[in-house]
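Only one structure is covered here, and it is reproduced in the block below.
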Amino acid sequence: MYEILHGLLSDKKGGKIFTLFGLWHFIYVFLALAVIFAVLFFTGKKERAAKEKAAKALGSAAFFLYIADLFLMPIAYGEIDIEKLPFHICTAMCVMCFLSERVPALKKMRMHFILLGFISNLVYLIYPAGVMWHAVHPLCYRVVQTLLFHGVMTAYGFLSILFSADQLTLKTWYKDLLTTVLMTVWALFGNFLYNGSADGYDHFFNWFFVVRDPFNALNANLAPYVMPYVNVALFFAVQMLILGVFTALRSIKNKKTANGLK
């Protein structure tokens, strides 16, 4: 059984490979969009509770994909890829979103986890560098699992934000900043814990890109001191942009409603 599963899940190299903005990349993006439109279509006339339940189901599906991957990686690759530990923003926010649905102490932070998770997973879905580097077939397990996970997380984040837009406000900006800062600290901890050399092996990870510039624009010695601040600034700016848009739209809607009542 192991040999059969390994043959199905292992990397397929040679021939057609997954490429940035290639046909298969667009297919995976289209699938994420299709999920969003399908949920919107089937929940269009339903109550808000039903819409939120559908969005939450996607969050649970993403968490299932992540946990299942931890069990399937030893079959596919012969080991558990340490980089898949939840120190990257996408996987970390998946775990936190799942927990915030179920742990009362975290529920107040739910939308902040969702917003940050949506931004990070959308960025990866648009620029899936992790799977491109491996130069494998578009339908091998590594590509399918990674793109499906980020696609489902993107759909979950978008729909959750859309269905709970009234909870997005600039008044709680400090919670979004706190979420981003804590994510950065968590990634720094992961990199500190796992990076190093032992028994002739060198281990170097770059969770949340806090110890190395992914575009190699910064000097390698300078990057660890600069990238944590760059990440916080960039993600927080995008968070504020999204919150600003929703706040403005809500203000316009309220004004129209008030004028209609006069």
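The structure presented is a predicted model; accordingly, all values stated were derived computationally and were not measured. For the numbers below, each heavy atom of this structure counts, side chains included, while hydrogens, waters and symmetry mates do not.
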Legend entry - Heavy-atom side-chain proximity of P128 to L20 below 4.5 angstrom: yes
Legend entry - Side chain proximity check, Y194 to F204, heavy atoms < 4.5 angstrom: no
Inset, instruction - Tell me, please, which residues at least two apart from S60 pass side-chain contact (heavy atoms from CB on, under 4.5 Å). - result: F98, R102
Legend entry - Y2, OH atom: more than 12 neighbouring heavy atoms under 6.0 Å: yes
Inset, instruction - Using the six-membered ring of Y77, assess whether NZ or CZ of R142 lies under 6.0 Å from its centre and within 45 degrees of the ring axis. - result: yes
Inset, instruction - Grab the two heavy atoms, one from P86 and one from W186, that are nearest each other, plus how far apart they are. - result: O-NE1, 2.7 Å
Legend entry - V152 side chain near V35 side chain, heavy-atom distance below 4.5 Å: no
Inset, instruction - Verify whether one side chain among H112 and D176 offers a donor that lies under 3.5 Å from an acceptor in the other. - result: yes
Inset, instruction - Return the orientation label for the F205 and W207 ring planes: parallel under 30°, perpendicular over 60°, tilted otherwise. - result: parallel
Tell me which donor-acceptor pairs under 3.5 Å the side chains of residues 49-59 have, and how far apart each pair is, sequence neighbours excluded?
from : atom 1 : to   : atom 2 : distance (Å)
E52  : OE2    : R48  : NE     : 2.8
E52  : OE2    : R48  : NH2    : 3.3
E52  : OE2    : S164 : OG     : 3.1

Inset, instruction - Please tell me if the side chains of I119 and Q239 come closer than 4.5 Å, counting only heavy atoms from C-beta onward. - result: yes
Legend entry - Distance in Å, I27 CD1 paired with L139 CG, rounded so as to fall on 0.5 Å steps: 8.0 Å
Inset, instruction - Compare every heavy atom of I17 with every heavy atom of A135, then report the nearest pair and how far apart it is. - result: O-CG2, 3.6 Å
Legend entry - Inter-residue atom distance C97.SG - F63.CZ, 0.5 Å rounding: 11.0 Å
Inset, instruction - Would you mind reporting whether F113 and M93 have side-chain heavy atoms less than 4.5 Å apart? - result: yes
Inset, instruction - For F192, enumerate each residue passing the ring-ring contact (aromatic ring centres under 6.0 Å, His included) test, keeping only those at least two apart in sequence or located in another chain. - result: none
Legend entry - Donor-acceptor under 3.5 Å (T91 side chain, H88 main chain): yes
Legend entry - Point-to-point distance, once rounded to the nearest 0.5 Å, from CG of D11 to CG of L9: 10.0 Å
Legend entry - Nearest-0.5 Å distance, CG of residue L159 to OG1 of residue T154: 10.5 Å
Inset, instruction - Look at the side chain of K12 and the backbone N and O of S10, then say whether any donor-acceptor pair between them is shorter than 3.5 Å. - result: yes
Inset, instruction - Would you indicate whether the side-chain heavy atoms of I161 and I114 approach each other to under 4.5 Å? - result: yes
Inset, instruction - Would you please test W24 and L147 for side-chain contact (heavy atoms from CB on, under 4.5 Å) and show each step? - result: CA-CA 10 Å; W24 282 100; L147 270 297; over 6 Å; no
Inset, instruction - Might you point out which heavy atoms bring I75 and H6 nearest each other, and give the distance in Å? - result: O-ND1, 2.6 Å
Inset, instruction - For the residue pair I242 and V245, establish whether any side-chain heavy-atom pair is separated by less than 4.5 Å. - result: no
Inset, instruction - Verify side-chain contact (heavy atoms from CB on, under 4.5 Å) between V131 and V136, making sure each step is shown before the conclusion. - result: CA-CA 8 Å; V131 292; V136 292; 5.7 Å; no
Inset, instruction - Please tell me if the side chains of P214 and M227 come closer than 4.5 Å, counting only heavy atoms from C-beta onward. - result: yes
Legend entry - Over 12 non-hydrogen atoms of neighbours within 6.0 angstrom of CZ in F64: no
Inset, instruction - Could you list the residues that satisfy salt bridge (charged side-chain N to carboxylate O under 4.0 Å, His left out) with D213, not counting sequence neighbours? - result: none
Legend entry - Sequence neighbours excluded, every pair satisfying ring-ring contact (aromatic ring centres under 6.0 Å, His included) that has a member inside residues 214-242: F208-F235
Inset, instruction - Spell out, yes or no, whether V232 and L182 are grouped together once hydrophobic residues are joined by side-chain heavy atoms under 4.5 Å, including indirect joins. - result: no
Inset, instruction - Verify the neighbour count for atom NZ of K16: are there more than 12 heavy atoms of other residues, nucleotides or ligands below 6.0 Å? - result: no
Legend entry - Same apolar cluster: F87 and L70, side chain cutoff 4.5 Å: yes
Legend entry - L148 CG to L31 CG distance, which is reported to the nearest 0.5 Å: 7.0 Å
Inset, instruction - Before giving the answer on side-chain contact (heavy atoms from CB on, under 4.5 Å), spell out for M111 and L115 the whole-Å C-alpha distance, their side-chain angles and the decisive distance to 0.1 Å. - result: CA-CA 6 Å; M111 289 307 299; L115 179 58; over 6 Å; no
Inset, instruction - Using a strict cut-off of less than 4.0 Å between a Lys/Arg side-chain nitrogen and an Asp/Glu carboxylate oxygen, indicate whether D69 and K84 qualify as a salt bridge. - result: yes
Legend entry - For the student: nearest non-hydrogen atoms of M183 and L116, plus distance: CB-CD2, 4.3 Å
Legend entry - Shared hydrophobic cluster, F189 / V95 (ILVMFWY, side-chain heavy atoms < 4.5 Å): yes
Legend entry - Backbone of V143 reached by a side-chain donor or acceptor of T146 within 3.5 Å: no
Inset, instruction - Using modelled atom types only, decide if a donor and an acceptor are shared between the side chain of R110 and the backbone of L99 within a distance under 3.5 Å. - result: no
Inset, instruction - Answer yes or no: is there a donor N or O on one side and an acceptor on the other, between the side chain of S251 and the main chain of A248, under 3.5 Å? - result: no
Inset, instruction - Please round to the nearest 0.5 Å and tell me the distance separating atom CG of L125 and atom OG of S120. - result: 11.0 Å
Inset, instruction - Mind jotting down which residue pairs meet the ring-ring contact (aromatic ring centres under 6.0 Å, His included) criterion with at least one end in residues 130-181? Sequence neighbours excluded, please. - result: Y124-H150
Legend entry - Verify same cluster id: L40, F42 (apolar side-chain graph, 4.5 Å): no
Inset, instruction - Would you check if the side chain of N206 reaches a backbone N or O of R212 as a donor-acceptor pair within less than 3.5 Å? - result: yes
Legend entry - Nearest heavy-atom neighbours spanning T19 and M132: C-SD, 4.5 Å
Legend entry - Heavy-atom pair of closest approach, residues K107 and S100: CG-O, 3.2 Å
Legend entry - In one Ile/Leu/Val/Met/Phe/Trp/Tyr side-chain cluster, 4.5 Å: M240, L234: no
